[in-house]
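Only one structure is covered here, and it is reproduced in the block below.
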Amino acid sequence: MKVEELCAAVWEAPDWLPRFRRNEYQKALREYRDRFGPLYARAVGEAEGDLAALEKLADDILDALEAGWKRQRFWNRSAAQVEQKQVIVSFLSPMLLDLPDPLCGRLAGMLRQGWADRWPRDAYQITTAEVLQKGFRYSILGIDLEGKHLDRERDR
């Protein structure tokens, strides 16, 4: 499996990040999983349960991402890194955690740890798509429409 095929899941951040919204996230994640899930499942399957091979895969992915940033114009590198980190947190990690093979979830953890080791001031956490979906606010123009901001006890 070519690492570039796997990195496409991150490099295509501009295609996925605008869809990280309350009403569209579930559908976007489903499409993301349909497109990239089989690639990652096959790559993890090729590791055949060898955690050292899985660790190498995570390192190879991070190496390819870093090499991609270095090919960017210097004024665009940090923006590309931020976008790609967002797609890893919002799409790639939840997809890996939700795939049936538990080693896919291990790969998500290895990617997170590898990132934290390389860029400790820019570490991130991973979680499931369900938790992310629950984090969206139901508001219009900043007004909370779920009524969580109301003090029900005080109003009685």
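Source: prediction; values computed, not measured.
One distance of note links CG of L96 with OG1 of T128; it measures 13.0 Å at 0.5 Å rounding. Residue F36 holds its CZ atom at 4.0 Å from CD of E12, rounded to the nearest 0.5 Å. The distance from atom CD of Q86 to atom CH2 of W16, rounded to the nearest 0.5 Å, is 15.5 Å. Atom CD1 in I126 sits 13.5 Å away from atom CH2 in W115 (nearest 0.5 Å). Residue L62 holds its CG atom at 7.0 Å from CD1 of I88, rounded to the nearest 0.5 Å. Between R33 atom CZ and R35 atom CZ the span is 15.5 Å, to the nearest 0.5 Å.
Residues meeting the ring-ring contact (aromatic ring centres under 6.0 Å, His included) test with W11, sequence neighbours left out: none.
L97 is not connected to V131 by any chain of hydrophobic side-chain contacts under 4.5 Å among Ile, Leu, Val, Met, Phe, Trp and Tyr, and they are in different clusters. Both L51 and L111 are part of a single hydrophobic cluster, where members link through side-chain heavy atoms under 4.5 Å apart.
Side chains of L6 and L39 form a contact here, defined as non-hydrogen atoms less than 4.5 Å apart. In this structure, the side chains of Y32 and P94 stay at 4.5 Å or more apart for every pair of heavy atoms. Counting only heavy atoms from C-beta outward, the side chains of K56 and D59 never approach each other to under 4.5 Å.
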Trace of the side-chain contact (heavy atoms from CB on, under 4.5 Å) decision for Q81 with W119
CA-CA 11 Å; Q81 185 175 0; W119 307 287; 4.1 Å; yes
Run the side-chain contact (heavy atoms from CB on, under 4.5 Å) check on Q133 and L29 step by step: do they pass?
CA-CA 11 Å; Q133 183 67 39; L29 183 63; over 6 Å; no
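By the 4.5 Å side-chain criterion applied to Ile, Leu, Val, Met, Phe, Trp and Tyr, V82 is assigned to no cluster and stands alone.
Counting non-hydrogen atoms of neighbouring residues, nucleotides and ligands closer than 6.0 angstrom, the CD atom of E4 exceeds 12 such neighbours. Counted within 6.0 Å of CZ on R19, heavy atoms from surrounding residues, nucleotides or ligands total more than 12; the atom is thus considered enclosed.
The two residues P18 and A13 make their nearest non-hydrogen contact at CD-O, 4.2 Å. Taking each heavy atom of V44 and L54 in turn, the nearest pair found is CG2-CD1, 4.0 Å. Closest non-hydrogen pair, A28 versus F91, comes out as CB-CE2, 3.9 Å. The minimum heavy-atom distance between L107 and A58, with the atom names listed, is CD1-CB, 3.9 Å. Across all non-hydrogen atoms, the minimal contact from L65 to C7 is CD2-SG, 4.2 Å.
Using a 4.0 Å cut-off between charged nitrogen and carboxylate oxygen, E130 and K134 count as a salt-bridge pair. For the pair D63 and R118, the salt-bridge criterion is met [side-chain N within less than 4.0 Å of a carboxylate O]. Checked for salt-bridge contact, E5 and K2 miss the test: no charged N lies under 4.0 Å from a carboxylate O. Between D34 and R30 there is no salt bridge, since no side-chain nitrogen of the basic residue lies less than 4.0 Å from a carboxylate oxygen of the acidic one.
A side-chain donor-acceptor contact under 3.5 Å links R77 to the backbone of Q72. The closest donor-acceptor contact from the side chain of Y25 to the backbone of S90 lies under 3.5 Å.
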